[in-house]
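Here the structure comes first, spelled out in structure tokens, and everything after it is commentary.
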Amino acid sequence: MSRRFLFVLGSAREAGNTELLAREAAAHLPGDSEQHWIRLADHALPDFVDLRHDSDHVRPSPDTPAGLLLDATLAATDIVIASPLYWYSVSSLTKRYLDHWSAWLRTPGVDFKATMAGRTLWGIAALADDEPSVADPYAGTLNNSAAYLRMRFGGVLLGNGSAPGDVREDADALARAKTFFAQDAPLARFPYEAVGTAPR
């Protein structure tokens, strides 16, 4: 079965360092892998309103940003969050997209949690720091989101860059990009889950 990659671009800047790094990694995917790219800035989601416990839920129309993103997410075997590191976590555009996952958990006919189980979440980020540990909150957000849905998590590909095009000078990041999607993506686990513990 061929893989279907959804690249969710969460930068406020078009063709920024994160997108450049994501496209470098995508260039090394097998030829039979499908790629779908969505720039969140072009499909503005409304602020998430938590109506999970006190409202009827209706599947969003496919001609709305929420409907477009829901359908694209459900169709993907692999979801790539390509968001620069903003204040040590994902961008506000990306966070809003992830917040809408909460609504999709209760959307009739979707069974979002069961549908996402076993699929793979990846992260790609540019950061303006030489110390990769500052991106730990970013990686934690994605890992824990994947763990909740019992998805696999392929980790985060980090590249250094602030000014436009800087990441092209990060030779280590470009080298890692070539094999990023070829690596094993284990079942995501919360930090408190011991190795070998069966999923709850």
Side-chain angles (χ1 to χ4, degrees), residues 1-11 14-43 45 59-84 90-91 93-94 97-98 100-101 103-105 107-126 138-139 141-159 167-168 173-189 199:
M1 178 180 174
S2 63
R3 294 163 71 184
R4 299 181 299 276
F5 282 77
L6 171 63
F7 288 83
V8 180
L9 302 177
S11 177
E14 188 170 352
N17 287 299
T18 295
E19 182 177 344
L20 292 176
L21 188 58
R23 292 194 181 277
E24 178 63 27
H28 299 281
L29 284 170
D32 63 347
S33 297
E34 297 179 28
Q35 298 181 30
H36 186 188
W37 296 73
I38 295 182
R39 190 182 311 280
L40 292 176
D42 294 340
H43 303 280
L45 286 165
R59 184 170 181 145
S61 172
D63 60 359
T64 65
L68 169 74
L69 283 159
L70 172 58
D71 290 345
T73 301
L74 293 173
T77 61
D78 296 74
I79 299 168
V80 185
I81 300 296
S83 166
V90 296
S91 68
L93 291 170
T94 304
Y97 165 66
L98 294 175
H100 276 263
W101 286 16
W104 299 343
L105 285 169
T107 299
V110 171
D111 204 0
F112 189 72
K113 189 170 186 179
T115 300
M116 299 303 288
R119 301 188 186 191
T120 306
L121 187 66
W122 308 82
I124 298 178
Y138 180 111
T141 292
L142 298 187
N143 175 79
N144 292 350
S145 298
Y148 178 75
L149 295 175
R150 294 304 171 195
M151 299 176 70
R152 298 183 176 279
F153 182 52
V156 178
L157 173 63
L158 297 174
V167 76
R168 292 193 178 101
L174 296 179
R176 290 192 301 272
K178 293 179 180 179
T179 59
F180 181 57
F181 292 124
Q183 67 185 346
D184 181 50
L187 187 68
R189 297 188 183 278

Closest approach of L40 and G10, non-hydrogen atoms and distance?
CD1-CA, 4.1 Å
For a quick test of reading the model, state the closest non-hydrogen atom pair linking I124 to V156 and the distance between them.
N-CG1, 4.3 Å
Residues in side-chain contact (heavy atoms from CB on, under 4.5 Å) contact with A26, at least two apart in sequence or another chain
F7, L29, Q35, W37
The side-chain hydrogen bond (donor to acceptor under 3.5 Å, both in side chains) partners of H36 (sequence neighbours excluded) come to none
Set of side-chain contact (heavy atoms from CB on, under 4.5 Å) partners for P30, sequence neighbours left out:
D32, S33
Can you name the ring pair (Phe, Tyr, Trp, His ring centres under 6.0 Å) partners of Y138, sequence neighbours left out?
none
Taken to the nearest 0.5 Å, the spacing of L158 CG from R176 CZ works out to 7.0 Å
Got a sec, which residues hit side-chain hydrogen bond (donor to acceptor under 3.5 Å, both in side chains) with N143, two or more places apart in sequence or on another chain?
none
Test of understanding: with side-chain contact (heavy atoms from CB on, under 4.5 Å), list the residues that count as partners of A41, not counting sequence neighbours.
R39, L93
If we only count heavy atoms from C-beta on, is the I81 to V8 side-chain gap below 4.5 Å?
yes
Can you spot which of R119, R4, R3 makes a salt bridge (Lys or Arg N to Asp or Glu O under 4.0 Å) with D78?
R3
Run the side-chain contact (heavy atoms from CB on, under 4.5 Å) test against A146 and tell me which residues pass, sequence neighbours left out.
L121, M151, F153, A188
What's the separation between atom CZ in R189 and atom CG in N144, rounded to the nearest 0.5 Å?
13.0 Å
Sorted by chain and number, sequence neighbours left out, side-chain hydrogen bond (donor to acceptor under 3.5 Å, both in side chains) with R23 holds for E19
Atom OG1 of T141 and atom CG of L98: how far apart are they, to the nearest 0.5 Å?
8.0 Å
Which heavy atom of G123 sits nearest a heavy atom of L142, and at what distance?
CA-CD1, 3.7 Å
Residue Q183 excluded, over 12 heavy atoms near CD under 6.0 Å:
yes
Show me the side-chain donor-acceptor pairs of residues 62-75 shorter than 3.5 Å, one per line, residues at least two apart or across chains.
from	atom 1	to	atom 2	distance (Å)
D63	OD1	S61	OG	2.4
T64	OG1	S61	O	2.6
T64	OG1	G67	N	3.1
D71	OD1	R59	NH2	2.8
T73	OG1	L69	O	2.6
T73	OG1	Y97	OH	2.7

